[in-house]
Number of protein chains: 2
Amino acid sequence: MGQLWIKNGLFVTMEEDKPAFRGHMVIADDRITYIGETAPNPAPEGAEQLDGSKLAFMPGLVNTHGHAAMSLLRGYSDDQNLQVWLEQKMWPMEAKYVDADTKAGSLLAIAEMLKSGTTAFVDMYDRMDQVAEAVKQAGIRGLLTRGVIGLCPPEVQEAKLAEAIRFAKDWNGEADGRIRTMISPHAPYTCPPDYIERFVQAAHDLDLPLHTHMSETLAEVEQNVKEYGARPVEHLDKLGFFSRPSLVAHAVHLNDEEIALLADRGVAVSHNPVSNLKLASGVARVPELLRAGVTVSLGTDSAASNNNLDLFKEVKFAALLHKGVTGDPTVVPAAEALRMGTVYGAKSIWQDDSIGVLRAGMKADFIAVDIDQPHYYPLTDIVSHLVYSGSGRDVAHVWVDGRQVVKNGECVYLDEERIRYDAQASFERLLRA
Amino acid sequence: MGQLWIKNGLFVTMEEDKPAFRGHMVIADDRITYIGETAPNPAPEGAEQLDGSKLAFMPGLVNTHGHAAMSLLRGYSDDQNLQVWLEQKMWPMEAKYVDADTKAGSLLAIAEMLKSGTTAFVDMYDRMDQVAEAVKQAGIRGLLTRGVIGLCPPEVQEAKLAEAIRFAKDWNGEADGRIRTMISPHAPYTCPPDYIERFVQAAHDLDLPLHTHMSETLAEVEQNVKEYGARPVEHLDKLGFFSRPSLVAHAVHLNDEEIALLADRGVAVSHNPVSNLKLASGVARVPELLRAGVTVSLGTDSAASNNNLDLFKEVKFAALLHKGVTGDPTVVPAAEALRMGTVYGAKSIWQDDSIGVLRAGMKADFIAVDIDQPHYYPLTDIVSHLVYSGSGRDVAHVWVDGRQVVKNGECVYLDEERIRYDAQASFERLLRA
């Protein structure tokens, strides 16, 4: 892929205690080979040059929880009680999905994520081969997993688990290593304990991480206590879940002991502030989680409960919401919120050795933000501006694995007009079917 | 100005119970003369034609509380306690402002507001002639008022009140009627009671509305009770404030009696969700205010506590925040949040007879949103998409008073490059001064 030399850019590296600086960055093939205030010496010969003077460069955002294909259901049901939303709206439509719908929805979601600066995402759904194909085509990075609901007869449970394992084996390391896989029982309230244990065993056998929904609503926590005599964190811990590298989504309703246990077990939490607000699930105890040393990253959840996939928005909500709710304007400062979207995201998916920070030797997953706009002026604190004032709509260019996947706001490897058309056609077919 | 015929657009009129429709709209001079599903008959001869097929049209947003010139302090102080933010950061910088700074900050803010779809805004600050000049130039609509802090010797109080009256007289009705004025004591905690009464008298004399900050923090409510033996709503009511048309900003800390009194007196509330979160002031009781029949609109407050002026963001926060905080996902549904940003905004500034709804006979203050993007697909519920998925960055064109003031995302009557340059220069001068 050759070399790229970015000159005179404003770099937000996300390195600990390193302020933003104006300087240079060089990419060779899939890696950052140089970043610094002075020009690379010797100058990289034959490198393509990019004038960075009106752009801010930062690591690509990492979306650590979602269901891409549900983008087809964006705006199909809002402002409803959770049970109405889920049982009367989502499930009946999802039951009608065929492979082409999952592909159409996934491509729509990936196009939106890439254009708004997300370079890696976690996806838990079914028909995951379709999602993986979409990832391969688009050039994004994906941590993919077949999420399994276990409220079904034993033979169906068996088949679903087998499919989850087959998918995880088939796709781990594919697309030049951009795809990795996990094992995912959907949630403690949708999978019996012995069934969850089989997922834990599969994760051990395949040496893969685990992902699940946990403690999203107060009702499911209460149900867990009633059925199993333990709150979800203790319950999952007893089932051996946290003996594997684990990422749990939501974690809204936690007590102090649960926070301590998550910290002790090294469990990563995907905080989904917008989805939790929209479905009225509540507000996660993010300041306490961070204080306890838990790795907290950010997820959009699906476009059916968000309703967009712009992770800049989650960063903004994470920075603002907890101040207002706790009454303390110093919690989750701008830099911490941006870390949640980048370096903590990379850590949550066990890839902080290669992405999440702009540093020589790291993978070249990064974005360029157009800061030549009034809402970035005056140019005081660029981290503050990206968090409090910026938006995914400001992203001009995106690179993943050293390859430019968004150029001047358009996806390089996707036919966006076709994607919009297919998404509309799929939705209308689902409505009629 | 002639005529404009928009063909085949998706219209979100904000008329009560009227769903979005595809159709036509005709503008003649400063007014909407036709809007409907079928083409105008007879066709407007010689009208400029605009293909609306990839755009959604809606009333321009109304920002009902802010301090435009403080955009120069964007990102200058974040994540601080209110007193540090105000006393150590804001006030010392504001004390160094000269006319040129107020002008530069106002132009920066107005450019940002116009580009993100705001067509009318309330501004309370000092050096208001500069703000008014900026409004005149940019083509936006402004309800402007000199906000007065009364913690000063009597002769200074006298001069400030005189200046507030002089400004209100000089500018009311200027810029083809786009500028109107109000009278504004800054807040009950910064103005002694007898001084507030003089503003009320002035508002009566000039037949103008009143605007003030009220009950933004719990501390100021408690201080009011301690000093004056009444909470702010009762206090202002006793001073005659609500005998005039009144708009109060924030209103975060209200009890049931106060909500009932605001409803009874017809007081409009400017809800500033992002500023209230960022400064950790709390979460206003918006569902209760709406239920009581209070007109609740949306304000950004200044870019120093927000940190941008994109009112689409306030609409989104209004729709999401109160669901999560109350635990009820049905409160502040999408359409209600969008009304808060448009028709309730117009009502809050006493201009709902002319703006806030797309209807024949109304002023042509409207915006066109580029919906040919993945986050607007599938095209299910356009109101949901505008609220939950959209952003001010999606605004392509803006008209105020029938005149196009933003075209393809750029301000028609402003030199944006110059504005960015001047804002940066002003900020750096303030830092050094």
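Order of the sequence lines sets the chain letters (A, B, ...), proteins ahead of strands, with each chain counted from 1.
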Would you mind telling me which of B:D372, B:L431, B:I382, B:N81 has the largest number of heavy-atom pairs within less than 4.5 Å of chain A? B:D372

Between atom CZ of A:F317 and atom CG of B:L321, what is the distance when rounded to the nearest 0.5 Å? 7.5 Å

Under 4.5 Å from any heavy atom of chain A - which part of B:V252: neither

If we ignore hydrogens and angles and just use 3.5 Å, is the side chain of A:T380 paired with the main-chain N or O of B:R74 as donor and acceptor? yes

Starting at CG of B:L320, measure out to CG of A:N276 and round the result to the nearest 0.5 Å. 11.0 Å

With a 4.5 angstrom heavy-atom cut-off, could you sort out which part of A:Q373 is near chain B: side chain, backbone, both or neither? both

Interatomic spacing from OH in B:Y388 to CG in A:D78 - rounded to 0.5 Å: 5.5 Å

Return the option, out of A:G327, A:S281, A:S116, with the maximum number of heavy-atom pairs under 4.5 Å with chain B. A:G327

So which atom in A:N307 and which in B:S384 form the shortest heavy-atom distance, rounded to 0.1 Å? ND2-OG, 3.4 Å

So what's closer than 4.5 Å to chain A heavy atoms on B:S426: side chain, backbone, both or neither? neither

Taking side chain as everything from C-beta outward and backbone as N, CA, C, O, which of these in B:D310 sits under 4.5 Å from a heavy atom of chain A? Side chain, backbone, both or neither. neither

Looking at every heavy atom in both A:P378 and B:S71, which two are closest together, and how far apart are they? CD-O, 3.4 Å

Which residues in residues 416-423 of chain A have any heavy atom closer than 4.5 Å to a heavy atom of chain B? A:E416, A:R420, A:A423

Check A:D79 against B:A334 and note the closest heavy-atom contact, atom names and distance. OD2-N, 3.0 Å

Main-chain N/O of B:L379 paired with A:Q424 side-chain donor or acceptor, under 3.5 Å: yes

Is B:S391 close to chain A through its backbone or its side chain, or both, or neither, when contacts mean heavy atoms under 4.5 Å? side chain

Between B:G75 and A:H385, what is the shortest heavy-atom contact and its length? CA-CE1, 3.9 Å

So how far is it from A:R393 CZ to B:H375 NE2, rounded to the nearest 0.5 Å? 4.5 Å

Search all heavy atoms of A:S389 against all heavy atoms of B:N308 and return the closest pair with its distance. O-ND2, 2.8 Å

